[in-house]
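In what follows, a structure is listed as structure tokens, so that the remarks can point back to it.
Here is the naming used below: chain letters follow the sequence lines, and residue numbers restart at 1 for every chain. Keep in mind that what you see is a predicted model, and the values were worked out from it rather than measured. Note that these values count all heavy atoms, side chains included, but never hydrogens, waters or copies made by symmetry.
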Amino acid sequence: MDGARLMAVKVSCGALRASDDGTIAELRGWVNRRRDHGGLIFVDLRDHEGLTQIVFDPQHPSFREAEHLRHEDVLRVVGTVRKRPAGTENARLGTGDVEVGVSELEILNRSQVPPFPVNADEAVDENLRLEYRYLDLRRPRMQENIRVRHRIVKAMRDFFDERGFVEIETPMLIKSTPEGARDYIVPSRLYPGSFYALPQSPQMLKQILMIAGFGKYMQIARCMRDEDQRADRQPEFTQLDVEMSFATQDEVLETMESCMRYVWQKVLGIEVPAFPRLAHAEAIARYGVDKPDLRFGLELADVSQVFARSEFGVFRSAIDAGGAVVALRYPGGSALSRRDFDGLTETAKQFGAKGMVWASLASDGIKSSVAKYLREADLSAAANALGAQTGDALLLFADARKLAYAVAGKMRNVVGERCGLVDPQTYAFCWVTDFPYLEIDEQTGQPAPAHHPFSAPAPGDWELITSDPLQMRAQHYDLVLNGYELGSGSIRIHKAAQQREIFEMLGLRPGEIEDRFGFFLRALDYGAPPHGGMALGIDRIAMIACSEENLRDVIAFPKNQVARDVMMDAPSSVAPELLRELHVKSDSRG
RNA sequence: GGCGCUGUAGCUCAGUUGGUUAGAGCGUCGCCCUGUCACGGCGAAGGUCGUGGGUUCGAGCCCCAUCAGCGUCGCCA
């Protein structure tokens, strides 16, 4: 036995092949499954490399112990590798030609009976998965996802390293600059009543690194935003953060596009074609949204002209008020029932529509929810504008221009999904450029930065800041994949006077500007180079690369929908003593 | 904060028009089994049907309230 152990070669559970026949191997892993035949026991031993069948023979003393092995017990075994008897090979396992006849068994640890199956990928209640995350992560699908994520991040680092970028860590405890999202804050012990903020992004710090002369910076950066969750939004997330001095917009786009194509090639083995570029206005006009899903066509059409002389009051009043009628094609939609259209109308209302008009291009004529108000010739013209044919349906949205497009754009995604137009193997990247600098805040009615206030206006648009600021465009760009916004970037303002001018335009008073951004403006004044960059959401990239629909499935320890860590049970109350030291009083109980 | 979906055994689910003792598969436990790999056979345990209230002769099912999870709108410069 000791001799066997000395000769034993330590191998993973995915390593052994027929050529190892006759060698002595030592394996460690978890009991994936036990098949007890009474006089013979098979155990599939699992580690992160694979499965190996180990066999317990009644002659060996270990047999009696093997009768009591359970799921997820942790074993060390030593035994002889042997070819399986002819006809009993398992073609589905890499190690399926061999098995290990156990001569020595050590139970390194016992496991409780798991609350859900670890050796299968069946759907399990997510709260249970998160509570026992270590078991969930042991499952094949999560093992694969987390490893794919690693390979994505590794490929990114390799790519930028190769191009001379330097990765620099920026701090987690920084200054709150309450623009944008709500900050997570950390009370200061040494400065009563003062708080650090956790970074929403390293934005100003990376710009300062450009001022500091690092030229090309990247970071795999953690960011926190205290806002409500979505399937594609976590309070804590990871960005690929990039900044380049002296770079033009085209150079930034080329860099990021090359990076993503490199990642897709390295990780998925897929050659992605060059990314199409859409101006923001074009994206809205064709797809209704600034993050179009280009895996399918279904372009929108503005049919306001068609209905310009329509008797239909809803269309008339929208058009007269300067709004628009926007049309969307529903392929094969003439087969839908009135009830189906009612359901679609309900969906549209959830997206903010006041209503939806549908028209069905049936073989025996056009049917519509408002047939008596609309002329068939007008509907035909609208159908032509969309390239719709007999058998299709038209969905029409009349409203203020922006809203009509927004609703039609979201409905386009619904239709694309329902009609099965989305090929899950397709990765449709695109750039959206030429964003407006400002947009009207719906609540205050005031102009607000469409993205962030550090972006430089488009060349030549500076003059508009006093004459017609809403017409200003930004040197800002988004990268979109399959309808998800992967991230955005811009060429930055690098002159303090211009940055100050933008802050003032946004309504900040000089005192506020100094309080929040004084350090930054001062830095810009010491020879800040022209620069620009981008940040991409790594969680979303990993989610799409893994064909998942929720960020939680590519994050090892995510928060749930209400921002709790249900494994650790965080957030939680803290000792009163700690609160005293931090000069914090709580007015509610956790 | 609004809206939607879900909540039945450890897990995944079924449960008809409101009607006897709430079922299945997997898992668990016991016995049997020497070539399985989703091993097989026999048997057993396991349920406040999310919670509280109501309607009813009778509620897993209907009504009201509430909690939790997920999705979504608001929000995310």
Side-chain angles (χ1 to χ4, degrees), chain A residues 32-45 51-59 63 67-68 70-72 82 84-93 95-96 99 101 112-132 135-136 177-183 200-201 203-204 223-235 237 343 346-353 406-407 410 414 435 437-439 441-443 447-455 474 476 485 488 490 502-503 506 508 516 537 549-550 552 560-562 564 566:
Chain A
N32 194 63
R33 208 177 284 278
R34 190 189 72 206
R35 293 178 294 279
D36 186 343
H37 288 241
L40 193 63
I41 298 171
F42 300 102
V43 167
D44 291 335
L45 198 64
L51 292 177
T52 298
Q53 172 165 286
I54 60 179
V55 186
F56 293 89
D57 204 273
Q59 278 83 348
F63 187 85
E67 288 183 305
H68 298 104
R70 296 192 302 186
H71 285 123
E72 303 308 314
R82 61 192 190 216
R84 296 196 190 187
T88 66
E89 299 88 352
N90 185 344
R92 289 187 295 165
L93 286 183
T95 61
E99 61 191 14
Q112 297 289 326
V113 175
F116 55 85
V118 174
N119 55 15
D121 276 331
E122 84 176 348
V124 174
D125 174 74
E126 187 145 27
N127 235 33
L128 194 67
R129 289 174 56 198
L130 291 175
E131 184 179 350
Y132 295 91
L135 296 176
D136 189 40
T177 56
E179 295 295 314
R182 191 178 296 110
D183 279 325
Q200 297 184 25
S201 114
Q203 182 62 33
M204 281 185 279
C223 304
M224 291 82 169
R225 295 177 188 175
D226 187 3
E227 297 291 346
D228 286 354
Q229 316 309 300
R230 290 289 184 279
D232 64 349
R233 254 167 44 194
Q234 279 274 307
F237 59 100
E346 201 47 48
T347 305
K349 283 181 176 170
Q350 281 166 21
F351 292 145
V407 171
K410 287 176 180 167
V414 171
F435 277 77
Y437 201 96
L438 299 170
E439 61 188 11
D441 186 310
E442 309 240 332
Q443 291 184 331
H451 283 82
H452 66 56
F454 307 108
S455 296
H476 179 105
E485 180 191 322
S488 51
S490 63
I502 292 289
F503 286 145
L506 298 174
L508 291 175
R516 296 187 195 175
E549 291 185 341
N550 196 300
R552 289 187 294 268
N560 73 1
Q561 220 260 350
V562 282
R564 290 199 70 80
V566 291

Exercise for the section: Please work out if A:Ala123 contacts a base, only the sugar-phosphate, or nothing of the nucleic acid, heavy-atom cut-off 4.0 Å. Expected result: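 Sugar-phosphate, no base atom in range.
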Practice task
Determine the contact category for A:Arg33: base if any of its heavy atoms lies under 4.0 Å from a base atom, sugar-phosphate if only primed atoms, P, OP1 or OP2 are that close, otherwise nothing.
Solution key: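 Result for A:Arg33 = sugar-phosphate.
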Looking at residues at least two apart in the chain, or sitting in another chain, which of them share a side chain to side chain contact (heavy atoms under 4.5 Å, CB included) with [X]?
X        : result
A:Thr347 : A:Phe351, A:Met411, A:Val414
A:Arg82  : A:Asp21, A:Val55, A:Glu99
A:Asn32  : A:Asp44, A:Arg46, A:Leu51, A:Asn119

Practice task
State which residues pass side-chain hydrogen bond (donor to acceptor under 3.5 Å, both in side chains) with A:Ser490; sequence neighbours excluded, sorted by chain then number.
Solution key: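 So A:Ser490 forms a side-chain hydrogen bond (donor to acceptor under 3.5 Å, both in side chains) with A:Ser455, A:Arg492.
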What is the distance, to the nearest angstrom, from the [atom1] atom on [X] to the [atom2] atom on [N]?
X        : N      : atom1 : atom2 : answer
A:Glu99  : B:rG35 : CD    : C1'   : 8 Å
A:Ile41  : B:rU34 : CD1   : P     : 11 Å
A:Asp228 : B:rG1  : CG    : P     : 9 Å
A:Tyr132 : B:rC11 : OH    : C1'   : 12 Å
A:Ile54  : B:rG35 : CD1   : P     : 19 Å
A:His71  : B:rC26 : NE2   : C1'   : 10 Å
A:Leu40  : B:rC37 : CG    : P     : 13 Å
A:Asn32  : B:rC37 : CG    : C1'   : 10 Å

Please measure how far the [atom1] atom in [N] lies from the corresponding atom in [M], and state the result in whole Å.
N      : M      : atom1 : answer
B:rG1  : B:rU48 : P     : 31 Å
B:rU51 : B:rA45 : C1'   : 27 Å
B:rC33 : B:rU17 : C1'   : 48 Å
B:rG50 : B:rG40 : P     : 32 Å
B:rG19 : B:rU28 : P     : 35 Å
B:rG53 : B:rG10 : P     : 23 Å
B:rU56 : B:rC67 : P     : 27 Å
B:rA68 : B:rC62 : C1'   : 23 Å

Handout entry: Short side-chain N/O contact from A:Arg34 to OP1 or OP2 of B:rC37, under 4.0 Å
Key =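 Looking at the OP1 and OP2 atoms of B:rC37, neither is under 4.0 Å from any side-chain N or O of A:Arg34.
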Problem - Presence of A:Arg35 side-chain N/O under 4.0 Å of B:rC39 phosphate oxygens OP1/OP2 - result: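 Result: yes.
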Watson-Crick or G-U wobble partner of [N], both distances under 3.5 Å:
N      : result
B:rG40 : B:rC32
B:rG71 : B:rC3
B:rG47 : none

Residues that [X] engages under salt bridge (charged side-chain N to carboxylate O under 4.0 Å, His left out), provided they are two or more places apart:
X        : answer
A:Asp121 : none
A:Arg564 : A:Asp569
A:Glu227 : A:Arg182

Exercise for the section: Could I get the full list of ring-ring contact (aromatic ring centres under 6.0 Å, His included) partners for A:Phe435, not counting sequence neighbours? Expected result: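 A:Phe435: ring-ring contact (aromatic ring centres under 6.0 Å, His included) contacts with A:His280, A:His451, A:His476.
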Problem - With sequence neighbours excluded, residues passing ring-ring contact (aromatic ring centres under 6.0 Å, His included) with A:His452 - result: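 Only A:Phe454 meet the ring-ring contact (aromatic ring centres under 6.0 Å, His included) criterion with A:His452.
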Exercise for the section: Check whether more than 12 heavy atoms from other residues, nucleotides or ligands sit under 6.0 Å from atom CD of A:Gln350, and answer yes or no. Expected result: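 Enclosed: over 12 neighbouring heavy atoms sit under 6.0 Å from CD of A:Gln350.
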Completion exercise
Readout for nucleotides 67-72 of chain B: B = base within 4.0 Å of protein heavy atom, S = sugar-phosphate only, - = neither; 5' to 3' it is --SSBB
Fill in the blank from the handout: B/S/- along nucleotides 40-49 of chain B (protein heavy atoms under 4.0 Å) is ----------
Using the 3.5 Å cut-off, write out each protein N or O paired with an N or O of nucleotides 6-10 of chain B and the distance between them.
residue : atom : partner  : partner atom : Å
B:rG10  : O2'  : A:Pro115 : O            : 2.8

Answer whether the closest heavy-atom distance between the side chains of [X] and [Y] falls below 4.5 Å.
X        : Y        : value
A:Thr52  : A:Leu93  : no
A:Phe56  : A:Asp36  : no
A:Cys223 : A:Gln200 : no

Handout entry: Centroid distance under 5.5 Å and plane angle under 30°, A:His37 vs B:rC33
Key =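 Stacking between A:His37 and B:rC33: absent.
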Problem - Nucleotide nearest A:Ala181 (side chain, heavy atoms from C-beta), chosen from B:rC76, B:rU34, B:rU36 - result: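 Closest nucleotide among those given: B:rC76.
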Handout entry: Polar contact flag, side-chain donor to acceptor under 3.5 angstrom, A:Arg35-A:Gln53
Key =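 Checked: A:Arg35/A:Gln53 side chains pair up, N/O donor to acceptor below 3.5 Å.
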Practice task
Kindly say whether, by distance alone, the side chain of A:Arg233 makes a donor-acceptor pair under 3.5 Å with the base of B:rC76?
Solution key: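 It does, because a donor-acceptor pair links the side chain of A:Arg233 to the base of B:rC76 below 3.5 Å.
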